[in-house]
Colleague: 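Please see the structure below; I have some questions.
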Amino acid sequence: MINIDLTGRRALVTGASSGLGRAIAVNLASCGAKVGVNYLKDQVAAQAVVTQIQQAGGQAIALQADVSQPEAVEALFAEVDRAFGGLDIMVNNAGMDGARENCAESQPDHWESVIRVDLLGPYYCTRQALKRMQPQQRGVILQVTSVHEFIPWAGYSAYTSAKAALSMFTKSVAQEVAMQGIRVLAIAPGAIQTPINASVWGNPDSLRDLDQKIAMNRLGEPDEIGRVAAFLVSDLASYITGTTLAVDGGMLIYPDFSHGG
Ligand code: NAD
């Protein structure tokens, strides 16, 4: 039998008080990892994730930090060092899609804030994670990108640009550290039911429209990302680096072409 075994691995998941981050943190812990549950503002929600993990027999701590601020990221890693004595798994999950604004009407500060969280945040965290992983010649960095690293999305050019750039960042850094026992890769979720898209699945018309963009004709569950993330950061995926795995129910296979054409 094949088991995902992360016993003794020290993990940090950003934006882990909700949605995909929460599911990833819980799945990693259920495979034996000690998990740092990073959150931005909602301490109560982060503590609930920690409690859920502990009640299932796992280990976790809640760690506040704004990943878009390099000083805050440095302080976050100092806390990780104190709590875990190092890091083996970094999951850059924190993200935002921002307001829908076409380019000509967009506000530069809105655009920049998406880039700061979705691209600079993973850069700051990857940089700090590598400083811990290189001396031990072991580690995995998993970026949570999106199908929008591939699919354009009108009104969300900051988001799509950040995710596409994060993908190329992932490949470049993977090249840098492939010979050092460190894997750097990405998971690209499709439409997964979380708070980020609540306004879409909360409305029957927009949900129907979204379902039609997915070959399986349904949204994904956070655990469907969490389970794959646990596999990707485990030694079972030891030969996978510098690539993105889409977990999207077939969003990238042009479902519109399943008829006509
Ligand atoms: P979510 O809104 O529940 O989670 C995003 C998390 O990031 C929140 O907990 C939020 O507090 C945190 N965050 C935001 N800014 C932060 C900052 N500056 N510092 C620290 N944390 C911060 O939504 P989600 O769907 O779970 O999104 C998680 C990731 O998955 C994001 O990167 C998102 O782009 C990506 N994603 C989601 C979907 C989807 O359909 N849900 C699809 C593709 C990609």
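What's counted below: heavy atoms across the whole structure, side chains too, no hydrogens, waters or symmetry copies. Just so you know, ligand 1 is whichever comes first in the structure, and atom 1 is the first atom listed for that ligand.
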Colleague: Has the side chain of N93 got a donor or acceptor atom that lies under 3.5 Å from a matching backbone atom of V144?
Modeller: no
Colleague: From D209 CG over to Q212 CD, what is the distance, rounded to the nearest 0.5 angstrom?
Modeller: 6.5 Å
Colleague: Give the ring-plane orientation class for Y156 versus W153, where under 30° counts as parallel, over 60° as perpendicular and anything between as tilted.
Modeller: parallel
Colleague: Under the 3.5 angstrom rule, does the side chain of Q136 hit a backbone N or O of L87 as a donor-acceptor pair?
Modeller: yes
Colleague: Would the distance check show the side chain of N197 and the main-chain N or O of T194 forming a donor-acceptor pair, the cut-off being under 3.5 Å?
Modeller: yes
Colleague: Do the side chains of D211 and R218 get close enough for a salt bridge, i.e. N-O under 4.0 angstrom?
Modeller: no
Colleague: Give the residues near ligand 1 by chain and number, with the criterion being a heavy-atom distance under 4.0 Å.
Modeller: G15, S17, S18, G19, L20, N38, L40, A65, D66, V67, N93, A94, G95, V117, V144, T145, S146, Y159, K163, P189, G190, A191, I192, T194, P195, I196, N197
